[in-house]
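Counting starts at 1 for both ligands and their atoms, in listed order.
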Amino acid sequence: MLQKDGLRIHPVPAFEDNYLWVLEDGRHAAVVDPGDEHPVQAFLESRGLALTAILATHHHGDHVGGLEWLAKRWGCEAFGPAGEKIDGLTRRLREGDRIVVPGLDVELSVLDVPGHTRGHIAYAGPNLVFCGDTLFACGCGRLFEGTPAQMADSLSKLARLPAATRVYCAHEYTMANIRFALAVEPGNAKLFERSLREAAARAAGRPTLPSTIGEELDTNPFLRCAAPEVVAAASKHAGRALATPVEVFTAVREWKNGFR
Ligand code: ZN
Ligand code: FE
């Protein structure tokens, strides 16, 4: 087992809809994408945890706004993408790098997943992935810096992880994403079933995350750009026949950008 027994992962809500994920074993903790130091510090204090590592996926403020403060306060390692300018990092990572999270003995490998930003990375363990703003439940990140081809490639990289891999996304966007996904695939029974389940979770005040890669393969239109239903819907919306999965992805992403 690369992942120690007794490891727990908690969503710490921040801003409108961010989740700052905290991994902890009862003594030590690591935080992924600390956009704000305040809720993280409050969480650590309320549970008597010592922060031993910070993991950043990309340079946006809602992911790294609290990084420098926390790294200084705790004197801990701060990991982040080699290809982005983030103040306070102590170790810069790229695809193929493996790290053992200090204090937690969790082994994670780094994937380059450009698209949302140019240097975006994800952290994959044997049964989990922290994917920042690349893959969302039933959706994907906006293309601020990368090309559709890059994002499609990054998403296929994540899609190749084992189906049981738990997906820890950085935002609670699920219900809005499902509304769009249902517009693309109104006949997808698994998607419809998921919409009921996630709506019930939200009504009960629970996060919809983590999801799993298997669930995303079944219901996320951005991972389904080769599915005949998605090809047909995207072609119809674009008003022309779309040939390749990247063309389909590009059309679905543009459709979503204008979807209300
Ligand atoms: Zn972002
Ligand atoms: Fe974000």
message = With a 4.0 Å cut-off on N to O distance, would you call Glu247 and Arg240 a salt bridge?
response = yes
| Salt bridge check: are Arg206 and Glu172 linked by an N-O gap of less than 4.0 Å? | no
Neighbour count >12 (heavy atoms, 6.0 Å) for atom CZ, Arg27: no
Given a cut-off of 2.8 Å, the protein N, O or S atoms lying below it from the Fe ion (ligand 2) are Asp62 OD2, His63 NE2, Asp133 OD2, His171 NE2
Looking only at heavy atoms, the pair that brings Asp36 and Leu20 closest together is O-CD1, 3.7 Å
Note: Gly88 and Ala71 closest approach over all heavy atoms is O-CB, 4.4 Å
Margin query: Side-chain heavy atoms nearer than 4.5 Å, only ILVMFWY residues, links allowed to pass through others: does that put Val230 and Met151 together?
Written below: yes
- Item | Plane angle bin for His171 and Tyr173 - parallel if under 30°, tilted between 30 and 60°, otherwise perpendicular | parallel
Rounded to 10°, the ND1/His60 to the Zn ion (ligand 1) to NE2/His58 angle comes out at 90°
Note: NE2(His116)-the Zn ion (ligand 1)-OD2(Asp133) angle, rounded to 10 degrees, equals 90°
